[in-house]
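Written out below as structure tokens is the structure these notes cover.
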Amino acid sequence: MDALDQRLAQSAVTACEACFGVKITPEQIQLQQTRKEFDGDRTVVVFPLTRHSKASPEATGTALGEWLVANDELVAAYQVVKGFLNLTIVPTYWTEQLLQIHTLDAYGIQAEGSKSKVMVEYSSPNTNKPLHLGHLRNNFLGYSVSRILEAAGHEVIKVQIINDRGIHICKSMVAWQKFGNGETPDSSGLKGDKLVGKYYVAFDRAFKEEVANLMAGGIAEDKAQKQAPILLEAQAMLHRWEQGEAEVVELWRTMNNWVYDGFGKTYTEMGVDFDKLYYESDTYLLGKDQVAAGLESGVFFKKDDGSIWIDLSDEGLDEKLLLRKDGTAVYMTQDIGTAILRYSDFPGLERQVYTVGNEQEYHFKVLFTILKKLGVDGAEKNHHLSYGMVELPEGKMKSREGTVVDADDLLEEMAGTARDMATELGKINDLSEAEKDTLFKQVGYGALKYFLLKVSPSKSMMFDPKASVDFIGNTAPFIQFNYVRAASMLAKCTDAGHNTDISTIDAAVWDTDELRLIQQALMWPATVELAAAHYDPSLVANHAYDLTKAFSRWYQDHPVLGEENVSVRDARIVLTQCVAHQIKTAMGLLGIEMPKRM
RNA sequence: GGCUCUGUAGCUCAACUGGAUAGAGCAUCGCACUACGGAUGCGAAGGUUUGGGGUUCGAAUCCCUACAGGGUCACCA
């Protein structure tokens with residue numbers, strides 16, 4: 001609901017009182033954009049009002065329409081179609097609004113800190129494998145939601161929790177010791193995360209071999225899987241790590257640092273960043289303390305074997321384990337610790353947003369409930385930003401079947417496609433290699449980001465590496481292309497000596513296409529707010545596309561540069577400036593950059 | 001099996017959270033234009049919104065039910 005809707009709702013309330021003698025509230029007035037096949041700009045749905053007017057929908061609409069035209073200077077005309085009252089707004093209103101947008105650099109963007117402080121967690125990888133397509137959706141989503149929340153006025157702290165300890169890390173460590181021959185990222189030229197991932201795979205291969213051998217010796221599969229020597233080694237290493245054995249800790253630190261170097265490069269390519277990093281190795285002990293405290297206060301209980309649980313059956317949930325009988329932490333343990341630590345790290349934090357796949361919905365439901373029971377203030381405001389899996393044509397990604405789409409590979413491929421496309425079109429041949437490189441990344445990565453973000457987060461989505469990411473149609477490159485040609489045209493206007501610093505517009509110049517384009521642009525602030533409230537970048541993506549599409553259509557037959565009539569030209573220049581600026585702003589919230597040329 | 005999410009054009013997705021004749025892109029077919037940057041624009045075709053009930057002035061949207069698919073119910077993360 002924008003300013004105009006509020007104003008019209010207020011008028012309609014007054015009209016109801018004047019016409020029917022009933023007092024209602026503005027919330028009872030249903031307003032919507034008039035569908036394009038009818039005359040008018042805004043529509044009042046009159047059905048709900050008929051029980052107040054005690055008249056037919058048509059009669060009710062007509063009465064209100066008459067009153068509004070007579071008493072509200074913004075309403076130029078009305079038309080009743082069935083139960084819908086279509087209002088035409090005076091053109092000067094749109095012109096004024098456009099000029100207002102024009103003067104604002106941050107139209108639709110709230111001042112930072114005008115709303116609460118929130119934390120957004122995303123990425124949160126394990127340190128034993130490189131990032132893949134699923135992480136890309138996660139990262140783009142988390143980063144974009146952060147930007148959108150900022151745009152809506154929140155102070156945002158971007159964080160991740162790095163799962164840097166546990167049996168999975170030890171597997172890579174054991175394999176590297178056995179088969180690595182001292183290989184390092186420097187010696188091999190392999191990216192650090194790829195190197196460590198390689199040994200994780202090597203572990204798995206060796207493990208399977210050993211299991212097969214044991215089974216050949218007559219041992220049952222489930223037993224063999226528990227007895228495989230290399231697995232026992234990994235478990236022993238985890239134990240030594242927890243004891244703080246220097247040699248093991250040193251190896252752990254070294255290999256994790258390789259991974260962080262590798263991840264760092266990928267994050268830079270992706271264009272995402274973090275304000276603070278949390279490491280599981282730092283927080284899992286805090287979680288244990290919290291569990292101990294909760295046991296003390298009676299929120300948790302201990303079973304005979306010494307394991308600690310919480311009973312959530314009152315909440316319609318299960319009993320949930322919080323500490324193993326041997327006293328070691330589980331996933332939930334450390335998440336409790338991390339959550340509480342974050343509140344003390346950032347006083348005044350209103351809520352935490354966890355960008356994590358939908359397979360963990362139950363986990364977060366339990367986590368938030370536990371936090372509430374522990375008496376954490378505002379725990380119920382936390383939000384699990386749950387998103388659906390990215391599926392491939394052949395089904396789910398399976399590392400065992402080699403169907404995992406690697407993040408680095410995919411990014412490179414995208415930039416390569418952008419290169420092929422641009423080379424074929426041959427419009428940027430005079431750019432330097434460095435400029436081209438930047439451009440191909442802007443376009444290629446932009447296409448990928450847009451593809452992953454334009455779908456509502458909650459839905460699982462299909463990704464066909466060969467066919468999915470287009471550069472035409474509803475895509476980032478289409479939007480970028482229109483931005484570029486708008487910018488190019490504006491530059492030519494300047495070159496031609498046209499005044500581009502315009503502060504007044506003759507309201508009589510607009511045609512219906514243009515009025516529609518202006519109205520599209522006016523929906524931006526409401527879009528930002530809605531996207532922030534729903535943690536949904538797809539709303540921003542759709543807005544950017546709709547605006548661009550409307551612009552592209554308009555551009556086709558509305559000349560600017562060569563327009564002789566100066567007041568028409570001025571109006572079109574302002575319109576183009578506003579649209580281009582808004583497209584850039586919107587795409588920026590998706591983490592997508594606009595090139596200067598393409 | 002319990003809980004949960006999802007089901008919309010051949011394909012990938014929308015639909016301002018209950019409003020008018022359900023919209024885009026891709027693919028297909030046709031058309032336009034000296035192109036302010038053609039990575040373009042316009043049009044055609046394509047739908048019983050999975051089926052069946054219900055609620056109401058009005059349902060893709062809410063309720064019930066059946067079917068189909070995903071997720072989850074670990075001393076994994």
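In what follows, every chain begins at residue 1, and chains take the letters A, B, ... in the order their sequences are listed. Note that the structure is predicted; figures quoted are calculated from it, not measured.
- Each of B:C26, B:C36, B:C76 was ranked by its minimum atom distance to the side chain of A:V560; first place goes to B:C36.
- Picking from B:C73, B:C26, B:C36 the nucleotide with the shortest atom distance to the side chain of A:Y555 gives B:C36.
- At B:A77, none of the side-chain N or O atoms of A:R165 fall inside 4.0 Å of OP1 or OP2 (strictly under the cut-off).
- Residue ring and base: A:F84 does not count as stacked with B:G19 (centre distance below 5.5 Å and interplanar angle below 30° not both satisfied).
- The distance between atom CD of A:E391 and atom P of B:G70, rounded to the nearest whole Å, is 8 Å.
- No donor-acceptor contact under 3.5 Å links the side chain of A:D557 to the base of B:A32.
- In this model, the phosphate group of B:G19 is not approached by any side-chain N or O of A:R35 to a distance below 4.0 Å at OP1 or OP2.
- Separation of the A:F84 and A:F47 ring centroids falls under the 6.0 Å cut-off.
- The pair A:R597-A:D430 counts as a salt bridge, with a side-chain nitrogen and a carboxylate oxygen less than 4.0 angstrom apart.
- You'll find that the side chain of A:Y331 is closest to B:A77, out of B:U40, B:C13, B:A77.
- Residue A:F481 places its side chain closer to B:G37 than to any other of B:G41, B:U17, B:G37.
- By the stacking rule of 5.5 Å between ring centres and under 30° between planes, A:F47 stacks on the base of B:G19.
- Minimum atom distance to the side chain of A:R597 is reached by B:G37, of the listed B:G37, B:C75, B:G19.
- Comparing B:G41, B:A77, B:G37 by their closest approach to the side chain of A:Q360 singles out B:A77.
- A donor-acceptor contact under 3.5 Å is not formed by the side chain of A:S456 with the base of B:A14.
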Each nucleotide N or O in nucleotides 5-9 of chain B that has a protein N or O under 3.5 Å away: list the pair and distance.
| unit_1 | atom_1 | unit_2 | atom_2 | d |
| --- | --- | --- | --- | --- |
| B:G7 | OP1 | A:K459 | NZ | 3.4 |

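- In this structure, A:S488 reaches the bases: a heavy-atom distance under 4.0 Å links it to at least one base atom across the strands shown.
- Dashed line: the shortest gap from a side-chain N or O of A:K549 to OP1 or OP2 of B:G25 is under 4.0 Å.
- Nucleic acid contact for A:M462: sugar-phosphate only, since backbone atoms but no base atoms lie under 4.0 Å from a heavy atom of the residue.
- Taken together, the paired segments of RNA chain B that extend over three or more consecutive Watson-Crick or G-U pairs, each closer than 3.5 Å at both contacts, are B:1-7 with B:67-73, B:10-13 with B:23-26, B:28-32 with B:40-44, B:50-54 with B:62-66.
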